[in-house]
Colleague: 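Quick one: this structure, given as structure tokens, is what I'll be asking you about.
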Amino acid sequence: MVFVRSLVLLLKFLFLYSLFSFTFTTCFPQIHPKCHGDESHALLQFKEGFVINNLAHGSPKIASWNSSTDCCSWDGIKCHERTDHVIHVDLRSSQIYGTMDANSSLFRLVHLRVLDLSDNDFNYSQIPSKIGELSQLKFLNLSRSLFSGEIPPQVSQLSKLLSLDLGFMATENLLQLKLSILKSIIQNSTKLEILFLSFVTISSTLPNTLTNLTSLKKLSLYNSELYGEFPVGVLHLPNLKILDLGYNPNLNGSLPEFQSSSLTNLLLDKTGFYGTLPVSIRNLSSLIILSVPHCHFSGYIPSSIGNLTQLTEIYLRDNKFRGDPSTSLANLNKLSVLAVGLNEFNIETIPLSFANLTQLHYLDATDCNIKGQIPSWIMNHSNLACLNLRSNFLHGKLELDTFLKLRKLVFLDLSFNKLSLYSGKSSSNMTDSRIQILQLDSCNLVEIPTYIRYLDDLESLMLSNNNITSLPNWLWKKASLKNLDVSQNSLTGEISPSICNLKSLMSLVIP
Ligand SMILES: *[C@@H]1O[C@H](CO)[C@@H](O)[C@H](O)[C@H]1NC(C)=O
Ligand SMILES: *[C@@H]1O[C@H](CO)[C@@H](O)[C@H](O)[C@H]1NC(C)=O
Ligand SMILES: *[C@@H]1O[C@H](CO)[C@@H](O)[C@H](O)[C@H]1NC(C)=O
Ligand SMILES: *[C@@H]1O[C@H](CO)[C@@H](O)[C@H](O)[C@H]1NC(C)=O
Ligand SMILES: *[C@@H]1O[C@H](CO)[C@@H](O)[C@H](O)[C@H]1NC(C)=O
Ligand SMILES: *[C@@H]1O[C@H](CO)[C@@H](O)[C@H](O)[C@H]1NC(C)=O
Ligand SMILES: *[C@@H]1O[C@H](CO)[C@@H](O)[C@H](O)[C@H]1NC(C)=O
Ligand SMILES: *[C@@H]1O[C@H](CO)[C@@H](O)[C@H](O)[C@H]1NC(C)=O
Ligand SMILES: *[C@@H]1O[C@H](CO)[C@@H](O)[C@H](O)[C@H]1NC(C)=O
Ligand SMILES: *[C@@H]1O[C@H](CO)[C@@H](O)[C@H](O)[C@H]1NC(C)=O
Ligand SMILES: *[C@@H]1O[C@H](CO)[C@@H](O)[C@H](O)[C@H]1NC(C)=O
Ligand SMILES: *[C@@H]1O[C@H](CO)[C@@H](O)[C@H](O)[C@H]1NC(C)=O
């Protein structure tokens, strides 16, 4: 009896309760905003400190923030689903302009895990030291946000960071990072997966402890004024995919024997790296971009590079590499960029196997001691936008308008070979060509090829050291022309006054 009565009571209670909560939630859906009042207040106070620059890139996320709505629903804000604390502030590209207060209310949001203020204009403010209070941060992005000065030591208190991006390209580096602070970051933020400090002046050697960051996936120290020997152990980090040390001319180092590796981008442009590419480079089986131009590398390109079938871009320009790399490279049929110019190569001919590299859009082989003829199948490489074969020993007669087939070509340099170029039978319906820069110095030309007449985008025309005797009148109608060099030819007579029609002309050499 007692049992039945209490059951009835319980059912009554449940009924009333569900009725109540039903009415409650339907009639007053937002009576309890999720957002904590102090956090909402802190965000609004932050908003008050800035103006919106409508001319800047992005959209003004903070403009719509106001106290009559739940801050968890504001543009760029996310709250924790259980505690309702603000954990995520994403104000990337939000047209924010103004100085960041050292005491900004933003740093009262101590539960933040994500803070992205990138691509705004903080008017050269210092990064406030209070950033250290955001101890839960996992993701911090202040890239392209016009902060300047010393990075405060408190950044190293952010021991949960997975991603730190302070990189920013300006005319000069705006941020500086002391070595001692970098060391503390490395010591404390041991979980870092992404560390971008490009264009941050570090101006020191790198500590060996960098190799302790075993979770590191992406590291960029581009243009950080580094010097000394690079801690080569970093190249053995098991998760590292992207390594960019570019533009640190005093940072030297050499490539180690590679074991299996996740590296996709190895970028060492204009560094002091020296030595050879090791045979074990074949172990970098995920490599997509190998970029080592303007370094001090030497020796032969190991044929094992041909095993790296994922490679799409290879930059070796301006080193001291030797030999003939062409057979090893010919297997890499995903290649779109091949820049091997200015080395000590010695290439007998452009091998037939290159006919398979149909994705090529950029081929730079200046000063490669290439002999033989320009193969006709090169005209089938319809993706070519840049073809630079300057200063080789290529010979043979060539009709210039065969290059008309390369509809994407914007840059062509055949200068200083042993070629004999002819005009060809080009006609006015071939105006699809997009060539902007045409360099044909020392190509045994006896006249300006008529082909040139139909190049509507032509900006630069270099024809020095030929045997051209006269300049055609149509040349003075090429309004797009900015640079013209017809020096060292057999020109006689006077230059037509129509030359004044070339309104865009910036440089002219006609001695
Ligand atoms: C507050 O924001 C909401 C949504 O963006 C908007 O509809 C409302 O007009 C705003 N109120 C005030 C006072 O700005
Ligand atoms: C930006 O900085 C300059 C120089 O410090 C200052 O004069 C100007 O008021 C600042 N602008 C804003 C919006 O804070
Ligand atoms: C920072 O803010 C706190 C509380 O908002 C205040 O007590 C303190 O004086 C401020 N400090 C500075 C340097 O503005
Ligand atoms: C940081 O922000 C910039 C600009 O908004 C973006 O390009 C970059 O990828 C971001 N960095 C990371 C690590 O997400
Ligand atoms: C390392 O992180 C802890 C916890 O955030 C902090 O107390 C300590 O000061 C940090 N050490 C340095 C050198 O920043
Ligand atoms: C970090 O690296 C240093 C030197 O390379 C080493 O002595 C130290 O034990 C490492 N710390 C950790 C936590 O692995
Ligand atoms: C490496 O760099 C240091 C300092 O920049 C320099 O003294 C040294 O000669 C360099 N070593 C090599 C092999 O380039
Ligand atoms: C790395 O390369 C070397 C030399 O080419 C080779 O002996 C070794 O087995 C390779 N290691 C792995 C893990 O592939
Ligand atoms: C790597 O290259 C060697 C020699 O060219 C070849 O024998 C081997 O099969 C290649 N391995 C892979 C995985 O492509
Ligand atoms: C082009 O590639 C195909 C298939 O990979 C191969 O059979 C052929 O021999 C290659 N041609 C040249 C000229 O290397
Ligand atoms: C260009 O014109 C010639 C004759 O004037 C014609 O035979 C040829 O098919 C035309 N080419 C194109 C691409 O239209
Ligand atoms: C230039 O052409 C003239 C005749 O047109 C010829 O006599 C002369 O040898 C040629 N010069 C060169 C360098 O080819």
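Please read these numbers as outputs of a predicted model, since none were measured by experiment. For ligands, and for the atoms within them, numbers begin at 1 and follow the listed sequence.
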Colleague: Quick one: does ligand 4 sit under 4.0 Å from the side chain of K218, the backbone, both or neither, non-hydrogen atoms only?
Modeller: neither
Colleague: Testing I87, L106, L109 one by one against L115 for a side chain to side chain contact (heavy atoms under 4.5 Å, CB included), which residue passes?
Modeller: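 When side chain to side chain contact (heavy atoms under 4.5 Å, CB included) is applied between L115 and each of I87, L106, L109, only L106 qualifies.
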Colleague: Without hydrogens or angle criteria, can the side chains of N383 and H361 be said to hold a donor-acceptor pair below 3.5 Å?
Modeller: no
Colleague: Kindly assign one of parallel, tilted or perpendicular to the pair Y362 and Y315, based on the angle between their ring planes and the thresholds 30° and 60°.
Modeller: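 Answer is tilted, since the angle falls between 30° and 60°.
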Colleague: Please check if a non-hydrogen protein atom sits closer than 4.0 Å to atom 9 (O) of ligand 2.
Modeller: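 Within 4.0 Å: no protein heavy atom nearby.
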Colleague: Would you confirm whether any non-hydrogen atom of the protein falls under 4.0 Å from atom 5 (O) of ligand 2?
Modeller: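 Not a single protein heavy atom is under 4.0 Å away.
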Colleague: For atom 2 (O) of ligand 5, what's the nearest protein heavy atom and its distance?
Modeller: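 Here the closest protein heavy atom is N188 ND2, 2.3 Å.
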Colleague: Looking only at distances, please establish whether an N/O atom of ligand 5 is found under 3.5 Å from an N/O atom of S184.
Modeller: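 No.
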Colleague: Which residue supplies the protein heavy atom nearest to atom 14 (O) of ligand 2, what is that atom called, and how far is it?
Modeller: T99 OG1, 3.1 Å
Colleague: Is the closest heavy atom of S163 to ligand 4 under 4.0 Å?
Modeller: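 S163: in contact with ligand 4 (<4.0 Å).
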Colleague: Can you check whether P293's main-chain N or O pairs, donor with acceptor, with K270's side chain at less than 3.5 Å?
Modeller: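 Looks like no, no N/O pair under 3.5 Å.
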Colleague: At under 4.0 Å between heavy atoms, which part of F168 makes contact with ligand 4: side chain, backbone, both or neither?
Modeller: neither
Colleague: Which protein non-hydrogen atom lies closest to atom 3 (C) of ligand 2, naming both residue and atom, and how far is it?
Modeller: N123 ND2, 3.6 Å
Colleague: Okay, side chain of N333, backbone of A330: is any donor-acceptor separation there less than 3.5 Å?
Modeller: no
Colleague: Tell me the protein heavy atom at minimum distance from atom 13 (C) of ligand 2, and give that distance in Å.
Modeller: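 The closest one turns out to be Y97 CE2, 3.5 Å.
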Colleague: Ring centres of F122 and F50 under 6.0 Å apart?
Modeller: yes
Colleague: Does only the side chain of S159 get under 4.0 Å from ligand 5, or the backbone, or both, or neither? Count heavy atoms.
Modeller: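 S159 to ligand 5: side-chain contact only, backbone stays beyond 4.0 Å.
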Colleague: Give a yes/no on ligand 5: does S135 have at least one heavy atom closer than 4.0 angstrom to it?
Modeller: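 Contact check S135 vs ligand 5: negative.
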Colleague: Step through it carefully: locate the ring centre of H80, locate the ring centre of H111, and say whether they are under 6.0 Å apart.
Modeller: no
